[in-house]
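These notes concern the structure reproduced below.
Both backbone and side-chain heavy atoms feed into the values below; hydrogens, waters and symmetry mates do not. Throughout, a chain's letter reflects where its sequence line sits, starting with A, and its residues are numbered from 1.
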Number of protein chains: 2
Amino acid sequence: MKATEMRSDCPISSSLDIFGDKWSLLIVRDLMLHKSRTYGDFTKSAEKIATNILANRLQLLEDNGIIIKLPYPGNKVKGLYRLSPKGVDLIPALIEIALWGGRNISNTYDGSPFLKEVKKSKTKFLKKVMDDLLEEETNIG
Amino acid sequence: MKATEMRSDCPISSSLDIFGDKWSLLIVRDLMLHKSRTYGDFTKSAEKIATNILANRLQLLEDNGIIIKLPYPGNKVKGLYRLSPKGVDLIPALIEIALWGGRNISNTYDGSPFLKEVKKSKTKFLKKVMDDLLEEETNIG
DNA sequence: GTTTTTTACTTGCATATTGAAAGTAATTAT
DNA sequence: ATAATTACTTTCAATATGCAAGTAAAAAAC
């Protein structure tokens with residue numbers, strides 16, 4: 001897959017060149033909340049991503065070093081997707097987006113354990129997720 | 001313009017339903033860095049947005065309460081776009097995205113006054129921008 | 001006060017992306 | 001051996017993007 005074209009040298013613009021769409025960050029979200037997922041897991045998320053888009057985004061995210069694909073232990077068909085360090089580094093941005101949505105969009109589910117925990121303490125949530133992801137890394141990677 | 005369809009009640013997903021594209025947050029960025037802009041100003045940004053996309057995004061952002069269009073003082077053709085409180089509230093997310101880009105994308109311009117200032121102190125930058133925007137609000141709005 | 005320019009869009013059209021549905025190929029389970 | 005899973009790929013219609021050109025109103029220049 002061809003390298004992502006950058007429209008300028010602005011860090012915001014270049015970030016959006018990579019994940020500025022309606023799906024990429026949802027994949028990152030799922031990996032943040034579940035540590036690792038299979039292809040099928042992603043299709044089961046509430047937003048119902050089409051499989052062609054999913055395949056495309058997984059490839060793009062992998063190309064851009066945000067996720068890593070590993071073999072699923074004991075199964076040659078399945079793959080396991082995880083966040084790379086670069087992907088984990090996206091979590092602060094994801095948290096701020098979630099908080100903005102929670103504050104400003106009425107349809108959002110305020111009772112989610114995720115949002116609750118983040119609101120209680122951003123730093124603690126961050127630390128917890130990072131520890132989880134790191135633990136996973138030492139187990140599998 | 002019809003209301004934005006939400007794919008789920010997830011705050012991240014719903015946020016992306018509003019600004020999950022390659023252009024919307026660049027408009028917010030320009031308003032964050034310059035307080036207010038005219039239509040023509042936006043077309044002059046480095047990323048060279050097409051005018052049909054610009055018109056569409058300004059409308060969407062206005063529909064979603066993120067920006068506000070005001071008459072340009074002393075000119076009946078021009079309009080002035082500003083961030084609404086909901087738009088100002090997006091700045092923390094924008095900062096995290098910028099920081100991620102700065103850390104993880106090689107082409108990004110590290111010497112920008114914006115990124116420099118944010119890195120020195122996120123809170124101070126936030127306060128400064130918010131004060132600027134508030135000042136503008138009392139002058140014009 | 002008439003022409004010229006500026007400003008903020010709109011329109012037309014080719015190309016690219018998205019999304020729904022169905023198809024495929026390699027396992028894995030029965 | 002047969003059926004079911006899993007991870008994609010393909011097809012195709014609908015929508016979005018991007019470039020270029022057009023328009024209408026107001027402002028500036030002459």
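- The B/K76 side chain lies nearest to D/dA26 when the options are D/dC8, D/dA26, D/dG18.
- Going from atom OH of A/Y72 over to atom C1' of C/dA26 covers 17 Å, rounded to whole Å.
- Of the charged side-chain nitrogens involved, at least one lies within less than 4.0 Å of a carboxylate oxygen, so that B/E96 and B/K122 count as a salt-bridged pair.
- Ionic pairing of B/E117 and B/K128 is present here: one or more N-O contacts between side-chain nitrogen and carboxylate oxygen are shorter than 4.0 angstrom.
- Salt-bridge check for A/D89 with B/R103: passed, with a basic side-chain N closer than 4.0 Å to an acidic carboxylate O.
- Residue A/D17 contributes atom CG, which lies 17 Å from atom P of C/dA16 at whole-angstrom precision.
- Along DNA chain D, the nucleotide nearest to A/N52 and the one nearest to A/R7 differ in position, and the one closer to the 5' end is contacted by A/N52.
- Atoms CZ (A/R37) and C1' (D/dC8) sit 18 Å apart, rounded to a whole Å.
- In this structure, A/I53 atom CD1 and D/dT15 atom P are separated by 15 Å, rounded to whole Å.
- Between B/N56 atom CG and D/dA16 atom P the separation is 8 Å, expressed in whole Å.
- The closest side-chain heavy-atom distance from B/W23 to B/V28 is not below 4.5 Å.
- Whole-Å rounding puts the B/L26 CG to D/dT17 P distance at 13 Å.
- Each of A/G74 and B/Y39 was assigned the nucleotide of DNA chain C with the nearest heavy atom; the assignment lying further toward the 5' end belongs to B/Y39.
- When distances run from any side-chain atom of B/T51 to the nucleotides C/dA8, D/dA20, C/dA22, the shortest one goes to D/dA20.
- For the OP1/OP2 pair of D/dC8 and a distance below 4.0 Å, the side-chain nitrogens and oxygens of A/K69 include at least one atom meeting the criterion.
- Between the P atom of C/dC9 and the NZ atom of B/K44 lies a distance of 13 Å, rounded to the nearest Å.
- Residue B/R57 is in sugar-phosphate contact alone, with no base atom involved, counting any heavy-atom pair closer than 4.0 Å across all strands shown.
- Side-chain proximity of A/K78 to D/dA7, D/dT11, D/dC19: nearest is D/dA7.
- When distances are taken from the side chain of B/V77 to each of C/dA8, D/dC8, C/dT18, the shortest belongs to C/dA8.
- One atom, CG of B/L70, and another, P of C/dT7, lie 19 Å apart when rounded to the nearest Å.
- Contact check, B/W23 against D/dA16: no side-chain N or O comes under 4.0 Å of OP1 or OP2.
- Residue A/N75 has a polar side-chain atom (N or O) positioned under 4.0 Å from OP1 or OP2 of C/dT28.
- The pair A/R57-A/E62 does not meet the salt-bridge criterion, since no charged nitrogen lies less than 4.0 angstrom from a carboxylate oxygen.
- Residue B/Y81 places at least one side-chain N or O closer than 4.0 Å to OP1 or OP2 of C/dC9.
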